[in-house]
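Keep in mind that what you see is a predicted model, and the values were worked out from it rather than measured. Numbering of ligands and ligand atoms starts at 1, following listing order.
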Amino acid sequence: MAARIFCVANQKGGVGKTTTTVNLAAGLAKVGQRVLMIDLDPQGNATMGSGVDKRKLELTIYDVLLESASIAEARVRSEKCGYDVLGANRELAGAEVELVDVERRDRRLKLAIAAVAQDYDFILIDCPPSLSMLTLNGLCSAHGVIVPMQCEYFALEGLTDLVNTIKQVHANLNKDLQIIGLLRVMFDPRITLQQQVSEQLKSHFGDKVFNTVIPRNVRLAEAPSYGQPGVVFDPSARGSVAYVEFANEMVERIKAM
Ligand code: ATP
Ligand code: MG
């Protein structure tokens, strides 16, 4: 069977997209899934956080989007993390402009992925904090969107824009696309407001809210400076255990899809 493809997206910055992408990738690898992690953000944090030096890459997602390389040529293996990486670096910022005038500009990633989809069980795409042409390429390629969010007051407001964008992409560009779920991250149960927002989320979105909750855990924040997801860096940390639990929940969810 071909890979199930998921974007990790939220146009809000710093909400835990990259942390979720790399830890879910490592968690899935740990439970025996074949995984490709695609970094679609010029910041290259998911690349570095997977132990791949973005400054030393010869080929990246940029070359794939401009159709000067295939994913098979540009991907690298992160042995430590147990998954493949299609990396990104600052060069990708230029793609936004360079793609303006080309054909199939919103479907380039989709077409490139089709050529390697048989090699994987899961393909995860780390999106930048915007609803840009890059994110659009991600959304056009995916079966679903995973939305990490912090349970704060303004989180719900930002969600409306994202949900509307996903609806538009679904209607016009990619009929497969759906919200797989909202993932509560950096959760601190001692904060009453977080509990309240979490309850609101469940009553608005029902079973679109993942059962797994990712706690705020400093080990997850420390791991990137060692070029590793928390799941690899400190498997026994609470945050790492939660991400492996989330990986298992994802494996269950796709059986029902
Ligand atoms: P951007 O929008 O810039 O791409 P992002 O949405 O990818 O950001 P991350 O980089 O994953 O967000 O996380 C933002 C910061 O929060 C990072 O410093 C990260 O280490 C930290 N962080 C993420 N998740 C947790 C967590 N569960 N507990 C503690 N710190 C966390
Ligand atoms: Mg990020």
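In this structure, a donor-acceptor pair under 3.5 Å is present between the side chains of D39 and T47. Defined by atom type and a distance below 3.5 Å, a donor-acceptor pair is missing between the side-chain atoms of T212 and Y243.
The hydrophobic cluster containing V213 also includes F187, under a criterion of side-chain heavy atoms closer than 4.5 Å among ILVMFWY residues, counted directly or through chains of members.
Between Y83 and V85, the shortest heavy-atom distance links the atoms CE1-CG2, 3.8 Å. Nearest approach of R216 to R238, heavy atoms of both residues: O-NH2, 3.4 Å. Q150 and V15 make their closest contact through OE1-CA, 3.8 Å (heavy atoms, listed as atom of the first residue, atom of the second, distance). Taking every heavy atom of both residues into account, V231 and N23 meet most closely at N-OD1, 2.9 Å.
The atoms of ligand 1 that sit less than 4.0 Å from any heavy atom of L220 are 26 (C), 27 (N). Annotation for ligand 1: atoms under 4.0 Å from non-hydrogen atoms of G13 are 2 (O). Below 4.0 Å from some heavy atom of D41 lie the following atoms of ligand 1, by number and element: 4 (O). With ligand atoms numbered from 1 in the order given, ligand 1 contributes 26 (C), 28 (N), 29 (C) to contacts under 4.0 Å with heavy atoms of N217. The ligand atoms of ligand 1 that sit less than 4.0 angstrom from a heavy atom of V15 are 5 (P), 6 (O), 12 (O).
Around CG of N172, the count of heavy atoms belonging to other residues, nucleotides or ligands within 6.0 Å exceeds 12. Counting non-hydrogen atoms of neighbouring residues, nucleotides and ligands closer than 6.0 angstrom, the CZ atom of R77 exceeds 12 such neighbours.
Remark: atom 15 (C) of ligand 1 lies closer than 4.0 Å to no protein heavy atom.
For the side-chain hydrogen bond (donor to acceptor under 3.5 Å, both in side chains) test with D126, the passing option among T20, T21, T19 is T21; the others fail.
Ranking the protein heavy atoms by distance from atom 10 (O) of ligand 1 puts T18 CB, 4.1 Å first. Protein heavy atom nearest atom 20 (O) of ligand 1, with residue, atom name and distance: A221 CA, 3.3 Å. If you check which protein heavy atom lies closest to atom 5 (P) of ligand 1, you get K17 N, 3.5 Å. Closest protein heavy atom to atom 17 (C) of ligand 1: T19 OG1, 4.8 Å. Of the protein's non-hydrogen atoms, the one nearest atom 25 (C) of ligand 1 is M186 CG, 3.4 Å. Summary of contacts: the protein heavy atom closest to atom 4 (O) of ligand 1 is Q43 NE2, 3.3 Å.
Side-chain contact between E157 and K12: absent, with no pair of heavy atoms (C-beta onward) separated by less than 4.5 Å. The side-chain heavy atoms of I113 and I125, taken from C-beta on, include a pair separated by under 4.5 Å.
Residue G14 places a heavy atom under 4.0 Å from ligand 1. Under a 4.0 angstrom heavy-atom cut-off, P215 registers as being in contact with ligand 1. Using a 4.0 Å heavy-atom cutoff, G16 is listed among the residues neighbouring ligand 1.
Legend: protein N/O/S atoms lying under 2.8 Å from the Mg ion (ligand 2), waters omitted, number 1.
F233 and Y226 have parallel rings, their planes meeting at less than 30° on a 0 to 90° scale where 60° marks the start of perpendicular.
In this structure, F210 CZ and I180 CD1 are separated by 6.5 Å, a value rounded to the nearest 0.5 Å.
With a 4.0 Å heavy-atom cut-off, ligand 1 is reached by no atom of D126.
Taking any N or O of V218, backbone or side chain, none lies under 3.5 Å from an N or O belonging to ligand 1.
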